[in-house]
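Worksheet: one structure, shown below.
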Amino acid sequence: MNNTPIRVAVTGAAGNIGYALLFRIASGQMFGPNQPVALNLIEIEPGMDALRGVTMELDDCAFPLLTEIVQTSDLATGFKDCDWALLVGSVPRKAGMERADLLGINGKIFVGQGQAISDHAKPSCRVLVVGNPCNTNCLIAMNSAPNIPNEQFFAMTRLDENRALTQLAQKAGVPVSEVSELCVWGNHSPTMFPDFYNARIGRQKLTSVITDESWLKDTFVPTVGQRGKAIIEARGASSAASAANAVVDTVRDLDNPTRGGFHSVCVVSKGEYGTPEGLITSMPITVDAVGNWRVVSGVSLNDYAKEKIAASNAELAEERKIAFEQLGIS
Ligand code: NAD
Ligand code: LMR
């Protein structure tokens with residue numbers, strides 16, 4: 001047990017994801033039941049009243065692990081000495097929009113936040129970007145944070161992985177815990193590729209249990225890719241509780257050694273599997289006993305999978321071009 005609190009900065013803390021996330025961090029679900037945490041809650045000025053209310057509710061839970069709550073709209077204060085920065089705050093899309101349509105609105109937020117993390121967070125700070133389009137926003141933050149190594153920047157595709165696991169479990173009629181080794185590759189966008197070929201059900205290859213390849217290609221893959229849109233249409237608001245759950249899963253699994261299998265995380269590419277270098281793209285990740293992550297090597301990809309992954313990465317390269325032009329990043 002480590003008695004020094006882990007300091008977690010959360011932007012957009014008074015928003016929908018924030019409301020589903022903070023209580024899980026404070027209760028110990030992210031870092032374990034013995035690890036104290038301090039929360040630095042960051043909002044824009046119009047969100048500060050709501051943030052006060054959320055803080056009152058956190059107080060009213062009397063969480064034994066929660067040692068301190070900082071409420072601020074000042075980025076220097078908000079990111080000061082933080083160990084983790086969870087970048088949620090940004091505008092969600094509405095029905096009829098793609099996530100990439102948010103780039104012009106949200107992208108600039110991540111310049112200032114990247115700079116503030118670089119200047120005020122611990123040099124070991126790890127950053128998880130949730131706000132959409134999360135891959136490219138993460139890339140913007142990373143390129144704005146010279147003091148933080150690129151390997152400490154992540155964007156979230158764990159929600160897509162979790163969605164995929166449940167779709168496959170329901171199709172196969174097995175508990176979701178039976179489905180494993182499902183990597184979502186590429187962009188958190190409809191072009192993402194949930195790689196059913198390498199997934200397993202129990203000890204078997206998934207494709208020897210679910211043998212209907214046309215269902216896998218033509219129903220499963222688009223269902224996962226369009227799940228965020230389906231939720232917005234049904235709920236009138238974008239996913240929040242499941243997104244917060246995926247944040248908890250992502251951070252917990254980056255903070256602990258991987259026990260079997262791997263998980264999907266968007267990380268900076270060093271050219272693995274033909275991915276253009278420098279992009280933030282989703283790949284299968286494991287974490288070793290001393291906390292270093294690596295991309296799983298030797299995953300066998302057929303032509304269909306390679307084509308899907310290349311298309312998603314081409315989309316990311318295009319997003320990078322647009323974002324860097326808009327923001328003057330070289
Ligand atoms: P929301 O509108 O409910 O809350 C966003 C909050 O962020 C608001 O309280 C707002 O005041 C605050 N905010 C806006 N700009 C800010 C800034 N510059 N600094 C600090 N706070 C700021 O939205 P939400 O439902 O919580 O979603 C947040 C983001 O997460 C959206 O971009 C959404 O698309 C994205 N998202 C990503 C995933 C994923 O899997 N990667 C899943 C769900 C949602
Ligand atoms: C999701 O996948 O639910 C989020 O990225 C929200 C969205 O806009 O789809």
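When a ligand or atom number is given, it counts from 1 through the structure's own listing order. Every heavy atom of this structure was used, including side-chain atoms; hydrogens, water molecules and symmetry mates were not.
Ligand 2 has a nitrogen or oxygen under 3.5 angstrom from a nitrogen or oxygen of N132. Residue contacts with ligand 1: I17 is placed with a nitrogen or oxygen under 3.5 Å of a nitrogen or oxygen of the ligand (distance criterion only). The shortest N/O to N/O separation between N16 and ligand 1 falls below 3.5 Å. Of the polar atoms of V130, at least one N or O is found under 3.5 Å from an N or O of ligand 1, judged by distance alone. Residue contacts with ligand 2: D160 is placed with no nitrogen or oxygen under 3.5 Å of a nitrogen or oxygen of the ligand (distance criterion only). Taking any N or O of I109, backbone or side chain, none lies under 3.5 Å from an N or O belonging to ligand 1.
Less than 4.0 angstrom separates some heavy atom of A243 from each of these atoms of ligand 1: 42 (C), 43 (C). Shown in contact with A14 at under 4.0 Å from a heavy atom are these atoms of ligand 1, numbered in order with element: 9 (O). Near C134, meaning under 4.0 Å from any of its heavy atoms, are these atoms of ligand 1: 41 (N). Near I232, meaning under 4.0 Å from any of its heavy atoms, are these atoms of ligand 2: 7 (C), 8 (O). For ligand 2, the atoms closer than 4.0 angstrom to any heavy atom of S238 are 6 (C).
Atom 34 (O) of ligand 1 has as its closest protein heavy atom N132 ND2, 2.8 Å. In this structure, atom 20 (C) of ligand 1 lies nearest to the protein heavy atom G12 N, 3.7 Å. If you check which protein heavy atom lies closest to atom 28 (C) of ligand 1, you get V88 O, 3.4 Å. Shortest contact from atom 43 (C) of ligand 1 to any protein heavy atom: S239 OG, 3.3 Å. The single protein non-hydrogen atom nearest to atom 4 (O) of ligand 1 is G15 CA, 3.2 Å, given as residue, atom name and distance. Residue, atom and distance of the protein heavy atom nearest to atom 19 (N) of ligand 1 are Q113 NE2, 3.4 Å. Among protein heavy atoms, atom 16 (C) of ligand 1 sits closest to I44 CG2, 3.6 Å.
With a 4.5 Å cut-off on side-chain heavy atoms, I69 and L58 count as touching. Here the side chains of S264 and I285 are not in contact, with every heavy-atom distance at 4.5 Å or above. Looking at N245 and R24, their side chains come closer than 4.5 Å, going by heavy atoms from C-beta outward.
The pair D83-K122 counts as a salt bridge, with a side-chain nitrogen and a carboxylate oxygen less than 4.0 angstrom apart. Between E151 and R126 there is no salt bridge, since no side-chain nitrogen of the basic residue lies less than 4.0 Å from a carboxylate oxygen of the acidic one.
Contacts of H188 with ligand 2, taken as heavy-atom pairs under 4.0 Å, involve the side chain alone. Here V91 has backbone heavy atoms under 4.0 Å from ligand 1, and that is the only part of it that gets that close. At a 4.0 Å heavy-atom cut-off, ligand 1 does not touch R99 at all.
Which of R163, M156, Q226, R93 comes nearest to atom 1 (C) of ligand 2 through a heavy atom is settled by distance: it is R163. Selection from A244, P92, G89 by nearest heavy atom to atom 22 (C) of ligand 1 gives G89. Relative to atom 8 (C) of ligand 1, the option among K108, R93, E43, H188 with the closest non-hydrogen atom is E43. If you check each of S90, G78, G18 against atom 15 (N) of ligand 1, the one with the closest non-hydrogen atom is S90.
The NZ atom of K229 sits 7.0 Å away from the CD atom of E98 when rounded to the nearest 0.5 Å. The OG atom of S27 lies 8.0 Å from the CG atom of L65; values are rounded to the nearest 0.5 Å. Here the CD-CG distance, from E45 to D74, works out to 10.0 Å after rounding to the nearest 0.5 Å.
Nearest heavy atom pair, residue P36 against residue N3, reads CG-O, 3.5 Å. Between V248 and Q29, the closest heavy-atom pair is CG1-O, 3.5 Å.
Residues V296 and I309 share a hydrophobic cluster, clusters being chains of Ile/Leu/Val/Met/Phe/Trp/Tyr side chains in contact below 4.5 Å. Put simply, I140 and V91 are part of two different groups of oily side chains (I, L, V, M, F, W, Y) that touch within less than 4.5 Å, one to the next.
Under the side chain to side chain donor-acceptor pair (under 3.5 Å) rule, H188 has a single partner from N135, T157, D160, which is D160.
Taking the six-membered ring for Trp and the full ring otherwise, F110 and F153 have centroids separated by 6.0 Å or more.
No cation-pi contact links K308 to W185, judged by a cut-off of 6.0 Å to the six-membered ring centre and 45° from its axis.
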